[in-house]
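For reference, the structure is listed below as structure tokens.
We count residues from 1, following the sequence as given. Predicted model only: the values in this text are computed from it and were never measured.
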Amino acid sequence: MEDKKFDPNSLIGFILMGMILMWMFYNQSKNAKIEQAKKETEQRVADSIQKVNAVNTKVIDTITIENSNLETPIEVAVNSTDSVARVQAQSRLGAFAYSTSLNSAKDDTTTIENDVLKIVVSNKGGQIQEVLIKEHKTYDMKPLYLVKDHNANLQIDFSTQDNRVLSTKDMYFEPTLTENSGHSVLSMKLKVDENRFLEYRYTLKPTDYMIDFDVRSQGLNNVIDSSKPIDLTWDMKTFHTEKSIKYENQYTTLEYSDAEEFDYLNATAKAKDEDIESVNWIAFRQQFFTSILNTNTPIEKMNIKSENLVQDEEIDTLFTKHFTAVIPLKTKGGEFNYNWNYYYGPSDYNILKTYEGRDFERSINMGWGIFRWINKYFVIPVFNALKGSIASFGLIIILMTIVIRLLMSPLVYKSYLSSAKMKVLRPEMEEVNKRLPGKENAMKRQQETMAIQNKAGVSMLSGCIPALLQMPVFFALFRFFPSWFDLRQKGFLWANDLSAYDNVLDLPFKIPVYGAHVSLFPLLASIAIFFYMQMSQSQQANMQPPAQEGMPDMQKMMKIMLYISPVMMLFFFNQYGSGLSLYYFISNVLTLTIMYVIKTWVIDETKVHAMVEKKKAQAPKKKSAFRQRIDSAMKQAQAQQELQKKGKKK
């Protein structure tokens, strides 16, 4: 019998067969586990769908479920709520996504108020959403809001370390309201976590239009990229709150105070923008109310813009102007900290002046230079003194006008006296005209006329200067009445608001420039100025030398102005405040009265004639250097004329 030998090939074959069997069993087991995992996952998804549907969740998203036992992820469509929102917030906001997980991440508001203001602050953006001025109403007696229905916006735009560009207006702040010594303190925090945040802090004091407004960051030096611009933007569309849109829009301006001066930006037809530096405060000023952002440390630079929103002044409109201020914020150590103030309230000179050291009262347009000086040191003190004892603002205007006209009466007397002197000299000047006729003698006539006036001690300027000295008061009051808050919604006689026009009759049609109504105070003022000009025409005629050949006849021009001036005033003042028209009416009536008294009882023409004759008999005074230069120039001109005449004869 033959012995069997060991076959290595058989052994290899058995080993390979065993490995194949083991691989097959392993795959079957793994596939079973995968299939089981799929079934379990699908069941969990189905359960989730059922639960979400039970609460009417409508957000559908595709999520990826990963399982450690699965080689490939499973993608299924499910209804998503918080998980997807968190993913989206993380993608959009980065580190600030934490703020969306807080209970404050909703469109809620917090209200702080005192006796004069009601302020509503929104969680979204952390900014003021409403400002109600409690003690005042609009012209049609509705609640007066400076901020409402998103007409104003405050936001900080910045970049993050992970290259996101964010704006606070799109994010939710967490509010915390506390009381501290009678002050309402509202902290609005945009959080990265509990210890890192951007904060707006509003502090409202009792019976105060001023709000402390602090902007600061904490722990954001590794979140915000301070190497890129960080801009705070404050903009506002100002509401139409007064009766006349045209009148109100004219006095609605963006104003600011810098290290050197006060200035303003007023858009009319086109938008205007400007870069300014070292700014102490900026005001979005309406005619009688203002919104001011004040800083204790001057802002290095900012960009401001003003845009006129009134396209047609005859159509009622919601907004008048759109103001914008863009302020670059500076960081220290990657953080920023600013202590500012908001003022929301009346453009009342007496209220604004109480904030000492800030010069808020400069935001009220009282004119420039000497006009502002007259208002500040004379008109305002007189008005306030009368206000302390008289309740009717119409009577205050009348009494103040009487005071002003009485103080101006010496100038009226001086002007009238010069007129009387010129009247005495008029026959002599007419004799000169007859003796030296023709254009060729014009210079010689002028020389002799001036010689007669100089000998009698009379000058053309002596009558003009008193009238010119009254002009600054006229222009100062022209600025005072439209800006003076005390006149707002204060009535007198038929006018129910001295700061607005007094329409006694509404017309069924519109007259260009004049309007579609009749105001009585401008009509009375126009009538008064007609009689004033008629009465003063004789005085002005005396002041003028007799008409000379080749020269315009001033008397004819004065007769034309007699009719043009009242009509111009009627058209121009029909849209203006009735307080201003009342002043001009009373002023003209008083001037007429003063002129009549001076003419009838004060100036005696016989005595004036004797005064002139006495002056003429005296030795002539030495001519001033100025008069000598004038005479020399006239002589040179006369010699030049003589040479020209001789040249023509040849």
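Ion pairing of Lys332 with Glu335 is absent here, as no side-chain N (NZ or NE/NH1/NH2) approaches a carboxylate O to less than 4.0 Å. A salt bridge is defined here as a Lys NZ or Arg NE, NH1 or NH2 lying under 4.0 Å from an Asp or Glu carboxylate O, and Lys191 with Glu174 meets this definition. Salt-bridge formation is not detected for the pair Lys243/Glu248: no Lys NZ or Arg NE/NH1/NH2 atom is positioned less than 4.0 Å from an Asp or Glu carboxylate oxygen.
Side-chain rings of Phe478 and Phe475 stay apart, their centers remaining 6.0 Å or farther from each other. Between Phe213 and Tyr200, the distance from one ring center to the other falls under 6.0 angstrom. Ring to ring, Tyr342 and Trp234 are close: their centroids are under 6.0 angstrom apart. No close placement of the Tyr202 and His183 rings is indicated, their centers lying 6.0 Å or farther apart.
Shown here is Lys301, whose NZ atom has no more than 12 heavy atoms of other residues, nucleotides or ligands within 6.0 Å.
Pairs of residues two or more places apart, or lying in two chains, that qualify as ring pair (Phe, Tyr, Trp, His ring centres under 6.0 Å) and include a residue from residues 147-172 are Phe96-Phe158. Judged as a side-chain hydrogen bond (donor to acceptor under 3.5 Å, both in side chains), not a single pair has a partner in residues 361-371 (not counting sequence neighbours).
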List the atom pairs, donor and acceptor, that lie under 3.5 Å between side-chain atoms in residues 376-384 and the rest of the protein, sequence neighbours left out.
residue, atom, partner, partner atom, Å
Asn384, OD1, Asn350, ND2, 3.3
Asn384, ND2, Asn350, OD1, 3.2
Asn384, ND2, Ile380, O, 3.4

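Cation-pi geometry between Lys189 and Phe173 is not met: the NZ or CZ atom fails to fall both under 6.0 Å from the ring centre and inside 45° of the normal.
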